[in-house]
Amino acid sequence: MATKTGTWLIGIGVCFAFLGFCAFPAAFGPNPDKTLLSGGLTVLSTGMTLVAGGLYIKARTLRGAAVSGSASQTNRGRKASCEKCGKNEPVIQCRVHQVHLCGGCLGDHYDFRTCAYVPSTRRSTAKGAAYTHAGRSLTLS
Ligand SMILES: [Zn+2]
Ligand SMILES: [Zn+2]
């Protein structure tokens, strides 16, 4: 909702700024008109203020979304633990055996003939990296 308002403000502001720019050629033409120049500058600055306001609203909305998103991520991450020792945070998932493993247990589980590893999606930190690499399997063979 607020993002839409910000987009509209930016759009209207850009229109205002364009109108202000349109007054410049007339102001600096063969017959300079100082009234037109000041009028154009006023419209231009009004447009820029609107754009800045729209950007501010958008940035504030994005920050709020990021805060709520990371909060839910920590709640999910608290439950995550290695499925072999149950103590450490899982860093990798074996897609073949469907187990999440920490760094220590990865060495014990390692089987080069069958196992295919992907970074664990249950990791609470670096969630962006986990999402980007989720589809790519790290086959250790
Ligand atoms: Zn473990
Ligand atoms: Zn495995």
Side-chain angles (χ1 to χ4, degrees), residues 1-30 32-141:
M1 193 66 190
T3 322
K4 239 177 189 174
T5 317
T7 314
W8 271 107
L9 271 177
I10 291 171
I12 294 166
V14 166
C15 289
F16 266 93
F18 180 69
L19 283 175
F21 270 121
C22 285
F24 280 12
F28 292 114
D33 190 342
K34 291 294 166 204
T35 327
L36 210 55
L37 176 64
S38 57
L41 275 175
T42 310
V43 175
L44 181 68
S45 59
T46 309
M48 286 304 170
T49 313
L50 283 173
V51 171
L55 279 177
Y56 171 72
I57 289 174
K58 276 190 110 147
R60 214 176 45 171
T61 318
L62 280 178
R63 220 176 70 174
V67 166
S68 61
S70 67
S72 69
Q73 190 70 25
T74 10
N75 285 344
R76 240 183 301 157
R78 209 172 288 159
K79 278 180 270 172
S81 61
C82 169
E83 283 175 15
K84 215 162 190 189
C85 63
K87 280 182 280 186
N88 298 320
E89 199 175 77
V91 291
I92 209 157
Q93 181 196 10
C94 177
R95 286 211 306 186
V96 179
H97 301 104
Q98 291 294 313
V99 283
H100 295 263
L101 298 162
C102 72
C105 299
L106 175 65
D108 301 334
H109 176 81
Y110 175 67
D111 185 343
F112 67 90
R113 279 164 301 180
T114 52
C115 290
Y117 298 105
V118 292
S120 176
T121 48
R122 289 210 276 166
R123 201 152 37 141
S124 59
T125 51
K127 63 170 181 174
Y131 282 130
T132 345
H133 299 296
R136 201 174 59 182
S137 75
L138 255 132
T139 316
L140 302 172
S141 59

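Values in this document were obtained by computation on a predicted structure and should not be read as measured data. Side-chain atoms are counted along with the backbone in the values below, which use heavy atoms only and exclude waters and symmetry mates. When a ligand or atom number is given, it counts from 1 through the structure's own listing order.
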Q.
Is there a side-chain contact (heavy atoms from CB on, under 4.5 Å) between Leu101 and Lys84? Walk through the geometry before answering.
A. CA-CA 7 Å; Leu101 298 162; Lys84 215 162 190 189; 4.1 Å; yes
Nearest heavy-atom neighbours spanning [X] and [Y]:
X	Y	answer
Val96	Thr114	CG2-O, 2.8 Å
Lys58	Ile10	CD-CD1, 3.9 Å
Cys82	Pro90	N-CD, 3.8 Å

Can you tell me how far the [atom1] atom of [X] sits from the [atom2] atom of [Y], to the nearest 0.5 Å?
X	Y	atom1	atom2	value
Leu106	Ser120	CG	OG	11.5 Å
Cys102	His100	SG	NE2	13.0 Å
Leu62	Leu55	CG	CG	10.5 Å

Counting only protein N/O/S atoms, those under 2.8 Å from the Zn ion (ligand 1) total 4
Exercise for the section: Would you sort out whether Ile57 and Leu9 count as a side-chain contact (heavy atoms from CB on, under 4.5 Å), showing the intermediate values? Expected result: CA-CA 9 Å; Ile57 289 174; Leu9 271 177; 3.7 Å; yes
Under 2.8 Å from the Zn ion (ligand 2), protein N/O/S atoms total 4
Parallel, tilted or perpendicular, as decided by the 30° and 60° cut-offs, for the rings of Tyr117 and His109: perpendicular
